[in-house]
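Below is one structure, written out as structure tokens; the observations come after it.
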Amino acid sequence: TLLGILCTDAPIAPSALQALLSAAIDKSFNSISIDGDTSTNDTVALLANGAAGGPLITSASSPGYAEMQQTLTAFAVDLAKLVVRDGEGATKFVTIRVTNAASYADAKKVASTIARSPLVKTALYGKDANWGRILCATGYAEGVDSVVPAETSVSFVPTDGSAELKLLVKGEPEKVDEARAAEILEAEDLEILVRLSERGGQEAVYWTGDFSHEYVTINGDYRT
Amino acid sequence: RRYSAPGEGSIPPAKQKYVPTSGTYPKGFLAASTHAGVKPSNTKFDDLALIASESPCSGAAVFTKNKFQAAPVTVTRDMLKRRGGSGIRAVVVNSGCANAVTGKGGIEDAVRMGEETDKCFEDESSQPDGNGSRTVVMSTGVIGQRLPLRRIIHKIPVACSGLGSTHQHWLSAARAICTTDTFPKLLSRSFALPSAPDTTYSLVGMTKGAGMIHPNMA
């Protein structure tokens with residue numbers, strides 16, 4: 001189960017607060033997956049008491065609303081990432097970035113499908129640059145029109161700032177430098193970059209981990 | 001992994017860097033935690049957390065879209081709707097038992113948790129207004145078991161009397177909501193808004209979760 005409690009001393013009216021939270025959640029806690037199971041209890045609450053003073057934010061047109069949205073979303077993203085860092089049995093922190101989609105919804109659906117794929121996650125645990133599994137998950141994302149197989153590209157992006165490792169370019173497999181792939185997969189943090197087409201301009205980011213033996217041990221032992 | 005609040009010394013070395021040693025916390029908010037013994041096997045770790053505002057505040061929440069929604073989800077959603085997100089005073093959270101799929105009795109338990117917490121704030125600003133509880137209720141842990149309500153109710157006043165605003169108060173509360181987590185997840189941040197350039201605002205957030213995580217909240 002995911003629980004979250006956020007509090008701010010900024011002055012925000014209830015209607016604006018709900019809108020701010022909902023928008024922030026979409027790009028943070030609703031963009032993570034550890035094991036693909038949605039709990040019965042997931043809740044994130046946001047309280048604002050206005051104790052620091054200043055003009056009340058009452059709606060999206062209020063001065064400060066946009067900045068508050070930006071701050072809250074970035075903050076919620078950082079909190080959500082902490083949950084992924086502590087995923088049961090996870091040894092990796094994986095960012096899945098899907099770009100060149102026709103819509104944000106399309107990009108998010110693809111990213112979510114990849115993040116939930118047990119075969120992608122076990123490949124990551126096994127440090128295997130298995131672009132085939134990533135591509136497979138991309139292809140079965142339901143209700144997504146943005147996927148153009150002949151234009152899809154998959155890369156691993158190291159988090160140390162070095163160049164991306166191209167695994168698939170416009171539907172054609174690359175000759176992968178296995179040593180470089182192994183080096184990238186050795187690190188705890190990794191980004192999988194999927195470009196869906198040559199036209200769309202929308203992007204979504206999802207965060208997940210790998211699947212390990214430990215996950216099965218923890219949840220095989222857990223009793224209700 | 002163990003089913004207990006990750007305390008100092010038990011946090012894996014690789015995760016220690018994610019646990020803050022200080023913070024900048026929002027004015028007028030207080031935190032506390034205490035040991036209620038929700039799970040009989042937990043004999044020493046705090047499993048009840050309380051976050052409170054010193055004055056009535058705005059509240060909003062998002063909830064799981066799972067069709068089997070736990071009692072605290074139903075109760076909190078109803079409370080926020082009834083109040084229009086106004087006049088909220090606290091968040092009470094227990095770990096160890098999710099109070100999920102517990103029928104009408106579970107709903108009554110969640111309501112009672114909220115009402116008991118309300119008693120901490122029986123000041124002039126929180127007189128009964130006909131809209132019921134002012135507390136957000138959350139539970140996490142195993143599904144299908146009733147809460148040990150008596151133990152929880154007994155300890156809510158203890159949490160109330162322990163409310164404070166130090167980093168340690170916030171960190172302890174973040175620990176108390178953990179289940180199979182290996183480290184408490186707490187962040188705080190200061191920020192400014194162009195609508196009040198001379199004012200420094202703060203945000204604090206705590207979260208828990210390690211498994212059964214694929215949130216889809218609305």
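Numbers restart at 1 for each chain; the letters A, B, ... are given by sequence-line order, proteins then strands. Heavy-atom basis, side chains included; hydrogens, waters and symmetry copies ignored. Only a predicted model underlies this, so the values are computations on that prediction, with no experimental measurement involved.
Annotation: maximal heavy-atom pairing with chain A below 4.5 Å, among B:Ala173, B:Ala174, B:Ser188, B:Ala14, occurs at B:Ser188. The greatest number of non-hydrogen atom pairs below 4.5 Å with chain B, out of A:Ala51, A:Ser112, A:Ala76, A:Ala80, is found for A:Ala51. With respect to chain A, the highest number of heavy-atom pairs below 4.5 Å among B:Pro12, B:Ser58, B:Pro26, B:Ala98 belongs to B:Ser58. When the candidates A:Gly209, A:Ser39, A:Gly53 are compared by the number of heavy-atom contacts under 4.5 Å with chain B, A:Ser39 comes out ahead. Options B:Ala71, B:Ser139, B:Ala70, B:Pro215 differ in how many heavy-atom pairs under 4.5 Å they form with chain A, and the most are formed by B:Pro215. Between chain B and the options A:Ala10, A:Gly54, A:Ser62, heavy-atom pairs under 4.5 Å are most frequent for A:Ala10. Heavy-atom pairs under 4.5 Å with chain A peak, among B:Lys67, B:Arg77, B:Lys208, at B:Lys208. For the options A:Asp26, A:Leu21, A:Leu79, heavy-atom pairs under 4.5 Å to chain B are most numerous at A:Leu79. Contacts with chain B were tallied for A:Pro11, A:Pro14, A:Ala45; A:Pro14 has the most, counting heavy-atom pairs under 4.5 Å. Options B:Val73, B:Val62, B:Leu193 differ in how many heavy-atom pairs under 4.5 Å they form with chain A, and the most are formed by B:Val62. Of the listed residues (A:Thr71, A:Leu3, A:Leu2), the one with the most heavy-atom contacts under 4.5 Å to chain B is A:Leu3. Considering only heavy-atom pairs separated by less than 4.5 Å from chain A, the leading option among B:Gly211, B:Gly59, B:Gly85, B:Ala196 is B:Gly211.
Between B:Pro194 and A:Glu67 the shortest heavy-atom distance is CG-CD, 3.3 Å. In terms of heavy-atom proximity, A:Gly64 sits nearest to B:Ser195 at CA-OG, 3.9 Å. Smallest separation of non-hydrogen atoms from B:Leu187 and A:Leu82: CG-CD1, 3.9 Å. Taking both residues in full, the closest heavy atoms of B:His214 and A:Gly36 are given as CB-C, 3.4 Å, listed atom of the first, atom of the second, then distance. Contact detail for B:Cys57 and A:Ala48: the closest heavy-atom pair is CB-O, 3.2 Å. Residues B:Arg189 and A:Phe75 share a closest heavy-atom pair of NH1-CA, 3.5 Å.
Between A:Leu6 and B:Val204, every side-chain heavy-atom pair lies at or beyond the 4.5 Å cut-off. Side-chain contact between A:Thr43 and B:Thr64 is absent, with no heavy-atom pair separated by less than 4.5 Å. Between A:Met68 and B:Phe191, some side-chain heavy-atom pair lies under the 4.5 Å cut-off. Contact annotation: the side chain of A:Thr1 never approaches that of B:Thr179 to less than 4.5 Å [non-hydrogen atoms, C-beta and beyond]. The shortest side-chain heavy-atom distance between B:Asn66 and A:Thr40 falls under the 4.5 Å cut-off. The shortest side-chain heavy-atom distance between A:Val83 and B:Lys185 falls under the 4.5 Å cut-off. For the pair B:Ile213 and A:Asp37, the minimum side-chain heavy-atom distance is 4.5 Å or more.
At most 12 non-hydrogen atoms from other residues, nucleotides or ligands lie less than 6.0 angstrom from CZ of B:Phe68. No more than 12 heavy-atom neighbours from other residues, nucleotides or ligands sit within 6.0 angstrom of CG on A:Asp145. Atom CD of A:Gln70 has 12 or fewer heavy atoms from other residues, nucleotides or ligands within 6.0 Å. Atom NZ of B:Lys27 has more than 12 heavy atoms from other residues, nucleotides or ligands within 6.0 Å.
Taken from OG in B:Ser202 to CG in A:Asp9, the straight-line distance is 5.0 Å, to the nearest 0.5 Å. Summarising the geometry, atom CG belonging to A:Asn41 is positioned 6.5 Å from atom CD1 belonging to B:Ile143; distances are rounded to the nearest 0.5 Å. Annotation: the span from A:Ile12 atom CD1 to B:Tyr201 atom OH amounts to 9.0 Å, rounded to 0.5 Å. Distance check, rounded to the nearest 0.5 Å: OG of A:Ser22 to CE of B:Met217 gives 10.0 Å.
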- Item | Pair B:Met138-A:Ile5, side chain to side chain contact (heavy atoms under 4.5 Å, CB included): steps then yes or no | CA-CA 10 Å; B:Met138 298 183 188; A:Ile5 303 143; 3.8 Å; yes

With side chain to side chain contact (heavy atoms under 4.5 Å, CB included) as the test, would you mind laying out the steps for B:Thr207 and A:Phe29 before giving the verdict?
CA-CA 10 Å; B:Thr207 184; A:Phe29 290 105; 3.7 Å; yes

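Interface remark: A:Ala13 contributes backbone atoms only to the contact with chain B (heavy atom separation under 4.5 Å). If you measure heavy-atom distances from A:Ile57 to chain B, the contacts under 4.5 Å come from the side chain alone. For a residue to count as touching a neighbouring chain, one of its non-hydrogen atoms must lie under 4.5 Å from one of that chain's; by this rule B:Ile88 touches chain A with the side chain only.
Ion pairing of B:Lys15 with A:Asp86 is absent here, as no side-chain N (NZ or NE/NH1/NH2) approaches a carboxylate O to less than 4.0 Å. Here A:Asp42 does not pair with B:Lys65 in a salt bridge; the nearest charged N to carboxylate O distance is not below 4.0 Å.
Of the possible donor and acceptor atoms, none in the side chain of B:Ser53 sits under 3.5 Å from a partner among the backbone N and O of A:Asn49.
Side-chain atoms of A:Glu88 and B:Thr180 form a donor-acceptor pair, as typed in the model, at a separation below 3.5 Å.
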